Amino acid sequence: MNYKEIVVDALYAALEGQLERSIIEDAIENPKSLALGDFAFPAFPLARIFKRAPQIIASEIASKVDQGNFDKVQAVGPYVNFFLDKKAFSNDVLHQILAEGSSYGDQDLGNNGNVTIDMSSPNIAKPISMGHLRSTVIGNSIAKILEKTNYHPIKINHLGDWGTQFGKLIEAYKLWGTEEEVKADPINKLLEYYVRFHKEDVEHPELDDEARAWFKKLEDGDPEAVRLWKWFRSESLKSFMKIYNKLGVEFDSFNGEAFYNDKMDEVVSLLEQKKLLQESRGAQIVDLSKYDLNPALIKKTDGATLYITRDLAAAIYRKRTYNFVQSLYVVGNEQTNHFKQLKAVLKELGEEWSDDIHHIPFGLITQGGKKLSTRAGRVILLDEVLDDAMTLAKKQIEEKNPDLKNKEKVAKQVGVGAVIFHDLKNERMNNFDFDLDEVVRFEGETGPYVQYTHARAMSILRKSEDKALSGGKEENYQLDDEESWEVLRLLESFSMIVKRAVKEYEPSVVAKYSLHLAKSFNKYYAHTKILKNDEQLTARLALAKSVASVLKESLRLLGVQAPEEM
RNA sequence: GCGCUUGUAGCUCAGCAGGAUAGAGCGACCGCCUCCUAAGCGGUAGGUCAUCGGUUCGAUUCCGAUCAAGCGCACCA
């Protein structure tokens, strides 16, 4: 039910047609505090039209409005404040949530259209860092929110599994590595070789020539190079999967850079056919000056292709394969220019669907104010952060709830939940400096706070099993106390929140919402005895159940689990 | 130099399409468990919303300029 409509109707009638409905609707706003009502109509704009003081206009409107559908309508200064009928609202909202369960908030915005999401995309032979976490959890959450609004997300892990770094890696492995070492601890050993390579090639530039030679061999299909490449790739993927399992993230495709090797010639010849390719300083470029962009480098002086060539091939492949209605790239904001170029080149090719490509940028994670760098060995290993978080969660459980069953499982849900939630609770674009204590905090505005609130509500429902709710219309869910009102208003706004989150590709909208809902319910919980056996018991249980349900669904949209007990 | 992003309490951040006393969390200080999980609830302290202009009845919110920070700016991805 649209409660704003009720207010518009009332105002339209009171104003006797002097203002159009759409103008009234646009003017209505949400008061800052619920003490000022649920909707407010400011009379300022009318002051000029009617040539009267807004305060007087407001009180006149208030006296004319049919109060029948509201608890109260009153003029406060230049505003007309509307207080909704709490009992009716409460009954409607709670019945709807209990009836719809986890599908509460579902809506059809996408008509089941395909949306590809380029996300995570770690580099083979390098560990997954906190930077990849951002892309992974933001992409994962956007996928879930898209699904809830009836899009069909396709999660693509565009692995960095090709490029000159493999030449370096093979050379480093041949120089310093052994098979036994790599097998024992693949990612860390491979990283060690890689970092050492970059240290030593400063003084021994000839190493770079060797590396280039190895990459050339790899491209030409040299058996040893290919064997090593395949081996590095599969070992890396194995260890990536362990982390993705911890995070609970799955992918629909692992087609990475190597996958597009044989698909770039077509891109180049397309560009040639359209006469877009020019030579500049020995390289092949597409001029983008009419877009106010730097030229896109398609081929290097030595004829080798570049990043954008591969992404062009990937974009075209995805359009052909999935016929997407949107194509998202969850990639750090430092690559903004790259995606502008990508879209511009596609546009030049006459591909109108380039407008459906959206770069979803996010802010940088730094450590001690410095940018993370694999080459410099300055990395924060996601796996270690997750393990730390789980260990800390376990410790917390031993202190606070030592009798809990499934301690290990809950510790994992809480620890991992804390890390994911921390990443999603703020706007994507904000930079943040990594602080382990902050990431694994369990108090205040954190994932575990929301999980805890959910667990508390579930605990109440367990204790009231003898009075289990039927959800039938005959049950009365009419609450009208001030304490529950904020909770009810928040519950009602869930679908609007989902809508906003999907429009802005912004999981933080959902995370913030879950914090608000949890906070308002905790307040209610502290002031109201839910299990008191009186005539409103059923209604209060319906509220607790609705809160648990919406909190769980909010967390699910973020990719965070909601344990029943913790 | 050009482009993108950001600038709100000591720290981390909210503030949705401009509107009624600018809100949380953390940190500090002080309260609340014979009562549904205290991973909780409440209180106190703390802000010229970077600066200056403009639009408007009204600007933290929109526009412009300035200052500051981060990130980019052709043969890495």
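Quick note on labels: first sequence line is chain A, next is B, and so on, each numbered from 1. Below, all heavy atoms of this structure are taken into account, side chains as well, without hydrogens, waters or symmetry copies. Note that the structure is a prediction, hence the values are computed from the model and not measured.
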Would you classify [X] as touching base, sugar-phosphate or nothing, given that sugar-phosphate means primed atoms plus P, OP1 and OP2, and contacts are heavy atoms under 4.0 Å?
X: A/Leu306; result: sugar-phosphate
X: A/Arg310; result: nothing
X: A/Phe442; result: base
X: A/Glu438; result: nothing

**Message:** How long is the straight-line distance from CZ of A/Arg134 back to OG of A/Ser120, given to the nearest 0.5 Å?
**Reply:** 13.5 Å
**Asked** If you round to the nearest 0.5 Å, how far is CD1 of A/Ile117 from CD1 of A/Ile360?
**Response** 8.5 Å
**Asked** Is the shortest distance from a Lys or Arg side-chain nitrogen in A/Arg318 or A/Asp118 to a carboxylate oxygen in the other one below 4.0 Å?
**Response** yes
Quick check for you: among [options], whose closest atom lies nearest to any side-chain atom of [X]?
X: A/Lys371; options: B/G42, B/A20, B/C71; value: B/C71
X: A/Met496; options: B/G19, B/C36, B/C16; value: B/C16
X: A/Tyr449; options: B/G40, B/C71, B/G15; value: B/G40
X: A/Leu364; options: B/G19, B/A38, B/G70; value: B/G70
X: A/Ser459; options: B/C73, B/C36, B/G72; value: B/C36

Provide the Watson-Crick or G-U wobble partner of [N], both distances under 3.5 Å; none if there is no partner.
N: B/G23; result: B/C13
N: B/C29; result: B/G43
N: B/G1; result: B/C73
N: B/G64; result: B/C52

In whole angstrom, what separates [X]'s [atom1] from [N]'s [atom2]?
X: A/Asp435; N: B/G27; atom1: CG; atom2: P; answer: 12 Å
X: A/Ile360; N: B/U5; atom1: CD1; atom2: P; answer: 14 Å
X: A/Glu29; N: B/G58; atom1: CD; atom2: P; answer: 17 Å
X: A/Gln341; N: B/C4; atom1: CD; atom2: C1'; answer: 13 Å
X: A/Arg441; N: B/G40; atom1: CZ; atom2: C1'; answer: 14 Å

**Prompt:** Is the A/Phe44-A/Tyr79 ring centre distance short of 6.0 angstrom?
**Reply:** yes
**Message:** For B/A20, does the base pair up with any side-chain atom of A/Asn81 as donor and acceptor (N or O, under 3.5 Å, distance only)?
**Reply:** yes
